[in-house]
Amino acid sequence: MCSKTLILVLLLLPVFLAASPSSLVEATNFFPLAKQNCMDRCGNVAIPFPFGTAENCYKNKCYFVTCNQTQNPPKLFMQNTSHEIIDISLSGHLRIMNVVAYECYDVKVGSRVSFRNSRRLNLPPLLTVNATANKFTVLGCDTFGNINGLRLNWSYYVWCTSMCFSKKDLEEVSSCGGGVACCQVNIPKQVSTVDFDLGSYTNYKNASQYNNSCGYAFLVEENAFQFSGETLNNLRNVEKLPVVVDWVISNGNCEEAKLNSTSYACKSVNSDCYNPMINIHSYGYRCRCMDGYQGNPYLDNGCQDIDECQDPVLNNCSKVCKNTPGGFYCTCPSGYRGDGIKGSRGCIPGEPFKYKLVAGIAVGILIVLLVILFIYVRLKRRSWAEEKQRNFVQNGGILLQEKLKRLENNTTKFIYSLVELQKATNGFHDDMIIGTGGFSTVYRGILEKTNKVVAIKKNKLEVASNQTDIFTNELIIHAQINHKNVVKLLGCCLELRTPLLVYEFIGNGTLLEQLHSRPRNLICWDIRLKIAIEIAGALSYLHCEASSPIIHRDIKSANILLDDTFTAKLSDFGSSKLVPIDKSHLSTMVQGTIGYLDPEYMQTSTLTEKSDVYSFGALLVELLSGKKVLSYDRPQEETNIAYFFLSKLRENSVFQVVDVEILGEGNNIKEQIIQVARLAEVCLNMKGEDRPTMKEVILKLEGIRRGGRAQNEDDDHDHDYVPESESFTFDHDYVPELESFTFDHYYVSELESFTF
Ligand SMILES: *[C@@H]1O[C@H](CO)[C@@H](O)[C@H](O)[C@H]1NC(C)=O
Ligand SMILES: *[C@@H]1O[C@H](CO)[C@@H](O)[C@H](O)[C@H]1NC(C)=O
Ligand SMILES: *[C@@H]1O[C@H](CO)[C@@H](O)[C@H](O)[C@H]1NC(C)=O
Ligand SMILES: *[C@@H]1O[C@H](CO)[C@@H](O)[C@H](O)[C@H]1NC(C)=O
Ligand SMILES: *[C@@H]1O[C@H](CO)[C@@H](O)[C@H](O)[C@H]1NC(C)=O
Ligand SMILES: *[C@@H]1O[C@H](CO)[C@@H](O)[C@H](O)[C@H]1NC(C)=O
Ligand SMILES: *[C@@H]1O[C@H](CO)[C@@H](O)[C@H](O)[C@H]1NC(C)=O
Ligand SMILES: *[C@@H]1O[C@H](CO)[C@@H](O)[C@H](O)[C@H]1NC(C)=O
């Protein structure tokens, strides 16, 4: 009994080593082998799908196996036969225990006796005996054996003879194949049924002289059987030996199988199909998991990623192993470099060369970019500086500088750089805008050095370059107008295509705003009269006392600025015209603001100082009535307040037009109001000739202010305003004309104005 077990173990040892069924059993802990609710092992044998012990567990009848649980350990059988299966592998093999047949010479009977006659092996379709792994083996000293059966649908027959000729044969023989005492032959491919038989030429009589009167025949996995002379005596106790059987899916190759996705057996993702016998078209195909995956490719999601990092054999990383789907890679921790592979470069302390290279390139690119940027900025700045200089020259800056030098000992700064004005206005920020006109924007600015608040006018239109000399003269003229009721031009900047003008800043807005703001700012009669006198003074100065007569051409409340003490300042000489000394009038394109615009000038295009007088008349009406000169919101006859005023004046009901606010100031000013109204009437005369000069106007106004009630009522419809010499005080301070300037041409600035 003891020796029997010993030999079995001895014989089968290589089988278990090669088959390693335990690996599949272990693997079932990690991934499913069988379908759900199906037996996935029988004793020590794993039952992977397509095999199964029940109808819905196997793929088809070919893979049907039974497990006899009453045995200990339970045993697995092919179909419902007595062929025990000791191993099923997903690589397409299984092992069946097949019978070892033998015969012996029975001395008592005087003939041979045969044992173990159930030698037939019938494999289901799709299962075939492996032709290379198995050998048909015949043992004995006077024995022959044959194996036969079906190969596909035809027969095969293989014969083998084993003889001994001396006792020594048995002592010396150590392996099968020499033809002594043992014979082994291959069987054909694709064998599906096996039957074998044995016999003896002398009924083992001759064999008995070697003390060996038995013969054996069996099919066995070559690796599972090792022959020696001893075997011949002991094999009688070995009932069965393993045979390798191959299994495939269907009868067709992969390429065909893939065409029908419902019948295609490689169900898992990351699975693949292969043909085990490439040359035999109809042999069938098998499935396998792709590299880096393991599991059962015949089940949905059967193939699962192998965590190579957990596998001491696959993981050849020296430090850090990272698993990826279907693979892994080695890295080094920070502070190390190398490929991280054990036996290769591994991980060596030090910064990775790769990163150094990348960092070097990045720094290089950065430097190149910085250099390019630096050069670009330099070029840009230079071209910007060049452009500023070009504009300065084109705008007549050099001429202006020279002329300014010749002016007295002019120490006050007049030419400002663009940078200074940009700083003053916070880069011409929108928050600094205090007014916008049709063609220009006025910014409030604070000059850096002096902290002086100024108004900076930036034109939106470009000035044609051939007008720059003219423009320069205009600048100088305005600079000379040094009258306390004219906004002072403090300087300019010539570095843009169109020069910027810097004016003194007047903080209380325009007369237009003050008169017509809502809620209304009440301006009392005295102030209105004062404003009228101041503007008349400024105009009179422009017309007569400036070095060359200047016609403002755009007198209106919007162009009269008020400071904190309601001192009026005439502004916006954008439309102004210089009148050459030898001329009394100019022919120009009609320009001005409707409502204030002289109708005679409109018809004849002939500009004289009297046009300003008309506009001043309209301004007087505006001051009297407190109403805008022109408004389409009013009844039609009142649209132009000047016309309406004149008609009411002629009806002797002028107070209907006068501002109720000033009427409420008392009766004592009514006389003054009437006199101013009469003055306005003559100023608004249709014929320019019949209008008084500004000098006459100012004298009249001064007279009215000093005591209008004393004024002679007879003068009413008389246009002759002879100044009373004692009442004439000229309290306007102005700078005397600068003789050094001659104006041989005049300039019309089209800026900021209304052009018909
Ligand atoms: C299972 O094995 C026992 C013991 O060898 C045997 O008696 C029984 O008939 C077997 N059952 C099947 C279903 O083969
Ligand atoms: C077992 O095999 C016999 C003979 O091949 C067959 O008639 C019988 O149906 C089989 N039993 C099962 C359960 O398959
Ligand atoms: C037969 O077995 C050998 C060795 O195990 C193997 O290489 C071969 O692929 C098998 N044949 C088939 C058809 O599986
Ligand atoms: C074997 O089967 C094939 C087709 O399956 C057939 O053509 C052939 O004649 C058969 N051979 C024999 C010997 O029956
Ligand atoms: C059997 O043995 C005898 C003598 O030992 C010999 O003469 C004879 O040829 C042998 N027969 C065979 C078939 O080997
Ligand atoms: C032959 O067999 C007998 C009985 O089995 C045994 O006693 C004897 O020792 C054997 N002789 C040799 C040489 O093996
Ligand atoms: C695909 O296989 C299924 C199942 O075997 C079968 O019912 C079906 O007819 C096949 N389809 C084609 C196009 O061959
Ligand atoms: C490390 O293992 C991988 C995967 O097993 C293999 O491809 C590679 O060649 C191995 N490298 C070394 C150096 O052994």
Side-chain angles (χ1 to χ4, degrees), residues 14-21 23 39 42-43 45 48 50-51 53-54 56 58-98 118 123-136 151-152 184 186-192 194 219-225 239-267 273-288 297-298:
V15 177
F16 288 116
L17 280 178
S20 62
S23 70
M39 187 186 280
C42 178
V45 185
F51 290 87
T53 55
N56 50 0
Y58 49 73
K59 185 171 161 66
N60 61 48
K61 267 270 165 109
C62 299
Y63 310 103
F64 170 52
V65 291
T66 45
C67 184
N68 190 335
Q69 306 257 29
T70 59
Q71 303 197 9
N72 188 24
K75 281 186 178 166
L76 191 67
F77 294 92
M78 192 179 72
Q79 310 267 310
N80 60 2
T81 65
S82 59
H83 293 296
E84 187 194 349
I85 299 173
I86 58 164
D87 168 42
I88 302 175
S89 98
L90 278 168
S91 56
H93 310 289
L94 52 82
R95 284 185 177 84
I96 290 175
M97 295 309 284
N98 201 30
S118 58
L123 294 175
L126 304 178
L127 272 64
T128 50
V129 177
N130 188 306
T132 53
N134 301 303
K135 292 278 191 275
F136 179 57
R151 180 184 165 224
L152 298 175
Q184 275 190 328
N186 287 331
I187 58 162
K189 286 175 187 166
Q190 292 182 283
V191 163
S192 57
V194 166
L219 185 65
V220 70
E221 180 182 8
E222 192 181 12
N223 293 334
F225 175 74
E239 200 179 339
K240 288 179 176 179
L241 283 172
V243 172
V244 176
V245 170
D246 299 326
W247 55 272
V248 288
I249 301 285
S250 87
N251 290 312
N253 61 16
C254 283
E255 290 65 40
E256 286 166 359
K258 280 175 180 170
L259 298 177
N260 189 340
S261 62
T262 47
S263 64
Y264 184 52
C266 308
K267 295 288 182 201
C273 170
Y274 71 102
N275 296 314
M277 285 198 179
I278 297 157
N279 299 328
I280 302 173
H281 171 261
S282 62
Y283 180 72
Y285 68 94
R286 292 192 198 130
C287 302
R288 64 186 163 200
Y298 302 98

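Counting starts at 1 for both ligands and their atoms, following the listed order.
Residue contact check: Ala133 has heavy atoms under 4.0 Å from atoms 2 (O) of ligand 3. Interface atoms of ligand 3 facing Met277, defined by a heavy-atom separation under 4.0 Å, are 13 (C). Counting the atoms of ligand 7 from 1 in the order shown, those under 4.0 Å from a heavy atom of Thr262 are 1 (C), 2 (O), 3 (C). Close contacts of ligand 3 with Tyr283, meaning ligand atoms under 4.0 Å from a residue heavy atom, involve 13 (C).
For the 3.5 Å distance criterion, the side chains of Lys135 and Asn186 qualify, holding a donor opposite an acceptor. For the residue pair Thr66/Asn68, the side-chain donor-acceptor check at 3.5 Å is not satisfied.
Neither the backbone nor the side chain of Lys189 has any atom closer than 4.0 Å to an atom of ligand 3 (non-hydrogen atoms only).
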Could you give the N/O to N/O pairs under 3.5 Å linking ligand 1 and the protein, each with its distance?
| residue | atom | partner | partner atom | Å |
| --- | --- | --- | --- | --- |
| ligand 1 | 2 (O) | Asn68 | OD1 | 3.4 |
| ligand 1 | 2 (O) | Asn68 | ND2 | 2.3 |
| ligand 1 | 2 (O) | Thr70 | OG1 | 3.4 |
| ligand 1 | 2 (O) | Gln71 | NE2 | 3.0 |
| ligand 1 | 5 (O) | Gln71 | NE2 | 3.1 |
| ligand 1 | 11 (N) | Asn68 | ND2 | 2.9 |
| ligand 1 | 14 (O) | Asn68 | ND2 | 3.4 |

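For the cysteines Cys287 and Cys266, the sulfur (SG) atoms lie within a distance shorter than 2.5 angstrom of each other.
The shell of residues lying under 4.0 angstrom from ligand 3, judged by heavy atoms, includes Thr132. The closest approach between a heavy atom of Arg286 and any atom of ligand 3 is below 4.0 Å.
Looking at Arg288, its side chain never comes within 3.5 Å of a backbone N or O of Ser91 through a donor-acceptor pair. Judged by distance alone, with hydrogens and angles left aside, the side-chain atoms of Asn275 form a donor-acceptor pair with the main-chain N or O of Cys254 at under 3.5 Å.
Below 30°, between 30° and 60°, or above 60°: for Trp247 and Tyr298 the angle between ring planes is between 30° and 60°, a tilted geometry.
Other residues, nucleotides and ligands place no more than 12 heavy atoms under 6.0 Å from the NZ atom of Lys189.
The only member of Glu221, Met78, Glu84, Lys240 that meets side chain to side chain contact (heavy atoms under 4.5 Å, CB included) when paired with Ile96 is Met78.
Expressed to the nearest 0.5 Å, how far NE2 of His93 lies from CG of Leu127 amounts to 12.0 Å.
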